[in-house]
Amino acid sequence: MSTRYNARAAEPKWQKIWEERGDFLTREDADGKPKYYVLEMFPYPSGRIHMGHVRNYTMGDVIARYKKARGFNVLHPMGWDAFGMPAENAAMEKNVHPKGWTYDNIDAMRAQLKAIGLSFDWTREIATCDPEYYGQEQALFLDFLEAGLVSRKKSMVNWDPVDNTVLANEQVIDGRGWRSGAVVERRELTQWFLKISDFADELLEGLDTLDRWPEKVRLMQRNWIGRSEGAKVFFAVDGVPGETDYRLEIFTTRPDTLYGASFCALSPHHPLTQSLARDNAALQDFIRKCDQIGTSQEAIETAEKMGFDTGLKARHPFIEGKTLPVYVANFVLMEYGTGAIFACPAHDQRDLDFARKYKLPVIPVVAPKDKEGAELDAFASDLAERSTDAYTGDGVAINSEFLNGLDVASAKRAAIEKLEAKGIGQGTVNYRLRDWGISRQRYWGCPIPVIHCRTCGTLPVPREQLPVILPDDVNFDAPGNPLDRHPTWKHVDCPKCGGAATRETDTFDTFVDSSWYFARFTAPHAATPTEKATVDRWLPVDQYIGGIEHAILHLLYSRFFTRAMRKTGHLSFDEPFAGLFTQGMVNHETYRDDKGQWVPPSDIEIETLDGARVARRTSDGAPVEIGSVEKMSKSKKNIVDPDDIIAKYGADTARWFMLSDSPPERDVQWSDAGAEGAWRFTQRVWRMATEKPEDLAAPGEAMPASFGEDELALRRAAHQALAAATDDLDNLRFNRAVARVYELANAVSGFAPASPAGKWAKREAVEILIQIVAPMMPHLAEECWEALGHKEPVVAADWPVADRALLVEDSVTIAVQVNGKRRDELTIARDADKETVERAALALEKVGKAIDGKPVRKVIVVPGKIVNIVV
RNA sequence: GGCCCCUUGGCGAAACUGGUAUACGCAGCAGACUUAAAAUCUGCUUCUCGUAAGGGAGUGCGGGUUCGAGUCCCGCAGGGGCCA
């Protein structure tokens, strides 16, 4: 037998055996086994997997293999989030077709994933760019359309005037398009929206039921949905051309500050602004200036406040005869609330910035509770005259007539009551969450299945004509959407009148594709989007794993889609993911040469000189500076290619390293030393299973009747490691499970069997170790399992059960403290009563010395834990 | 600016609901085996005083609760996240 474990030979061998045996095919006839659906976020087929994928999929694979061994019927599928911009960019840059590029990448990445030994059921593979998938997505959309979950409306977008395309906020860098560098404009386009805001309350309340989600993610979603209670208030506005009693509707979260109002402000896109601008060139100019800022909140928030006085006057709702100037202001968003506000500069920072700039009054109406008399006057006059910081804290209403003396919450209620009584406002709930714009002016996406007819309007594509398939013959040599300029594709007959009509040439946001794939995996080839009974049986996903970067959008959209699919009869539950785990990133040191150029780790040699680590470039020996540890990225070149690692050490070593050391939710640092360490351990496990076979009892030998002390200690170590590792795996604490395995390995290494019972105990310990290791390093475990004489692979073996009798020791060692300081320890029978423990503790020599003759006031005995003597 | 999270040896980190702080790994040091190297094995490794036996301090900083605090509470500093 070879003394070295040969991963390069063993890994493909076992991958083939698993595939031939069909170990990972999910069976629908499960013989009453409980189901377990484990899912990792599917990748974008960029062409190569990276270490982040390896970490993500290894964690999922450990869970899948572990649950299978625990007797679950496991569903563990994989697919491709295959539509998106990079394919089109590749088409433009390298003159390849997005389709060919994408499918080539899928083939390459599938081969890479297979080389990691992941237990996917590949018969369920889906790619979102397959018509079989996106055709069903189109069917879903039509159902949503019928159910009133879709709207078509005008919305502001970031428009790149050079590339003639819409840009996502992330694609706008310093106000310029990321590809063209052109100054981005805000432009109004008619787009398709999914009415996610109809579900705002449900999505918010549902978060409380997701007790196996990280609290952090739930909080982020809560903030994103942004429920705020406030009031709608109608301000009568005088002087609106062509209107006799125009009422401006505003939304505010602070109706308690109405007495501090000093102006009203409209969004540049408010209908009133638009109608005023029609014959006002100066206002048109102002609107244009506002539109150059971009659409992101951040851009708008950080831009300097700008205003345009319309000359209109709004009448204060509570103060007879008082009027407020009406401005158009760049910081008021049409998308939030009603697109119009009243401003109370004393208690809102943006309002204050604006008021100071345009010399508008600042009227304090809330003061901190503890301020009285002269102090209160000083506070109020400072805020009114000078301060540049608005007071947004809690306090007591002042200068507010009937509200005076009330705290903020009570004043809000009182103000709303009064507004409602006067019929000029009402309490209302507003959400930050906006409807989801899903139109993209791109080729490589799912075509939106509607047809525009001049006479009949916008109509759904008839179902029998689905899927609407993307044409292959497109070119990318001009800016804009290739679908739009395709000579024939968009020209169709109107399904209603038969006249000439055109297809919608926009495609879906790729987040649509990933909002229901988890459901499709349960019946990947069904002729309907889902098979209801099947999807209801498998979902929710028991454990979903992916990056924290999807904490909001993907997870929120999926939760919305699930509700929309329930409403349209495709499934019958609300929450798609019962358990969510967000794993940390894979980081690496960075290296720079003397010219400041980044050097990849593959071209680095590290030595230790006088205790300090020194790096040089392998290719020319030039010294290189070791920089900070950062997320692996192309720009810093600190990337380690999984293929290189697998070629050098094997997949199991990479898997083991990804699970060791750092807790899974935290970032992990990839290092050569760490990889070497993992590799050494694979060899150590192999030696444990194959060296000195004469030290192991024959396979299947009956358990001896009795064991010696050392033998019992080894058995205890094995069963305790098993119990602890099982608990760790149940709770996704892979790093701790790894530590248990090392502890057990150390116990096995330190044991030399001296009797048949010893040999039996050693085999038991080694087999338990191999079985704990099996989900994490499956190929190595198979090879060892086979060497140990097993006929069936370990993948088919049941998870071992720890013997409870071996988990507890007969005696325990407990600490003895005097006045809370540890002075000695005491080994005593586990079931000794308190008096016995106390007597034994007081009898200890070191304890006596520490007490030093002082009177003992109190002795605290916590059985099995500690004794504390208070003197 | 608001809310939330984190801070433990040279490094990554353990420590279940308050109960022996530093398990396990990495790096380092010493030794064994070897002609030598690699590989492997054994031991040491929080700081500090001490030749030693032994003592003292110690989980970012300052306080508090408790017989007892890495863990709970208050304040501060540094790092990170989300929302503004």
Side-chain angles (χ1 to χ4, degrees), chain A residues 3-4 214-226 228 253 296-298 300-302 331 333 336 348-350 352-353 388-393 432 548-549 551-552 582 584 587 589 606 608 610-613 629 656-657 659-681 683-684 687 691 721 723-725 727-728 731 733 735-747 749-750 812-827 846 849-850 856-871:
Chain A
T3 53
R4 291 292 262 199
E215 185 49 44
K216 182 162 81 165
V217 174
R218 290 195 280 171
L219 183 67
M220 281 159 74
Q221 294 216 348
R222 231 170 256 137
N223 288 339
W224 187 260
I225 294 167
S228 55
T253 58
S296 80
Q297 296 258 343
E298 196 195 344
I300 290 163
E301 292 293 336
T302 52
F331 67 90
L333 300 172
Y336 183 81
D348 182 284
Q349 192 59 49
R350 288 168 305 179
L352 184 64
D353 294 346
T388 52
D389 294 318
Y391 177 72
T392 55
R432 211 189 71 91
I548 187 77
E549 67 273 18
I552 298 175
T582 53
N587 297 342
E589 273 181 338
I606 304 229
T608 307
D610 301 326
R613 294 172 70 241
V629 175
W656 185 251
F657 183 70
L659 299 166
S660 313
D661 288 346
S662 288
E665 68 278 9
R666 243 184 265 182
D667 288 358
V668 69
Q669 185 191 340
W670 182 273
S671 68
D672 282 353
E676 290 276 350
W679 184 75
R680 278 199 300 271
F681 187 67
Q683 295 297 340
R684 196 174 158 204
R687 283 196 305 274
E691 248 177 21
D727 188 51
D728 290 335
N731 292 290
R733 293 187 292 236
N735 57 320
R736 298 212 308 192
V738 165
R740 310 293 179 201
V741 170
Y742 276 112
E743 274 173 334
L744 178 53
N746 290 343
S749 299
V812 286
T813 302
I814 61 177
V816 181
Q817 299 179 330
V818 177
N819 282 348
K821 262 192 202 308
R822 180 178 172 279
R823 291 298 169 181
D824 203 351
E825 57 184 30
L826 177 67
T827 301
K846 286 179 190 168
K849 236 171 92 186
V856 174
R857 286 201 314 180
K858 200 171 170 188
V859 179
I860 289 147
V861 179
V862 182
K865 293 249 166 93
I866 206 161
V867 178
N868 191 10
I869 300 160
V870 188
V871 297

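Computation of the quantities below employed the complete heavy-atom set of this structure, encompassing side-chain atoms and omitting hydrogens, waters and symmetry-equivalent molecules. Reminder, nothing fancy here: chain letters follow the sequence lines and each chain counts from 1.
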(message) Please report the distance, rounded to the nearest Å, between NZ in A/Lys865 and C1' in B/A21.
(response) 15 Å
(request) May I ask you to decide whether A/Glu215 forms a salt bridge with A/Arg222, counting only side-chain N to carboxylate O separations under 4.0 Å? (result) yes
(request) Kindly write out the residues that satisfy side chain to side chain donor-acceptor pair (under 3.5 Å) with A/Asp353, not counting sequence neighbours, or none if the list is empty. (result) A/Gln349
(message) When the P atoms of B/G62 and B/G9 are compared, how many Å lie between them, rounded to an integer?
(response) 15 Å
(message) So if I take every side-chain heavy atom of A/Ile552 and compare against B/G56, B/C82, B/A39, which nucleotide ends up nearest?
(response) B/C82
(message) Taking only side-chain N and O atoms of A/Lys858, does any of them lie within less than 4.0 angstrom of OP1 or OP2 on B/G68?
(response) no
(request) Could you tell me the separation between the CG atom of A/Asn223 and the P atom of B/C4, rounded to a whole number of Å? (result) 10 Å
(request) Determine the interatomic distance between C1' on B/G28 and the same-named atom on B/G81; round to the nearest Å. (result) 36 Å
(message) Less than 4.0 angstrom between a side-chain N/O of A/Asn868 and OP1 or OP2 of B/U20, yes or no?
(response) no
(request) If the glycosidic angle is within 90 degrees of 0 it's syn, otherwise anti, so just tell me which one B/G60 is. (result) anti
(message) If you compare every side-chain N and O of A/Arg680 against the phosphate oxygens of B/A27 (OP1, OP2), does one of them come in below 4.0 Å?
(response) yes
(message) Rounding to an integer number of angstrom, what distance separates B/G50 and B/G43 when you compare their C1' atoms?
(response) 23 Å
(request) From the options B/C26, B/C82, B/C24, select the nucleotide whose nearest atom is closest to the side chain of A/Met220. (result) B/C82
(request) Output the single nucleotide from B/U40, B/A27, B/A21 whose closest atom is nearest the side chain of A/Arg822. (result) B/A21
(message) From C-beta outward on A/Tyr742, which listed nucleotide comes closest to its side chain: B/G19, B/A23, B/G25?
(response) B/G25
(message) It should be established whether A/Arg666 places a side-chain nitrogen or oxygen under 4.0 Å from OP1 or OP2 of nucleotide B/G80.
(response) no
(request) Enumerate the residue pairs fulfilling side-chain hydrogen bond (donor to acceptor under 3.5 Å, both in side chains) with a member in residues 662-672 of chain A, sequence neighbours excluded, ordered by first and then second residue. (result) A/Asn587-A/Asp667
(request) Write down the distance between NZ (A/Lys821) and C1' (B/G19), rounded to a whole number of angstrom. (result) 16 Å
(message) Can you tell me if A/Asn735 touches the phosphate of B/A14, counting only side-chain N or O atoms and a distance under 4.0 Å to OP1 or OP2?
(response) yes
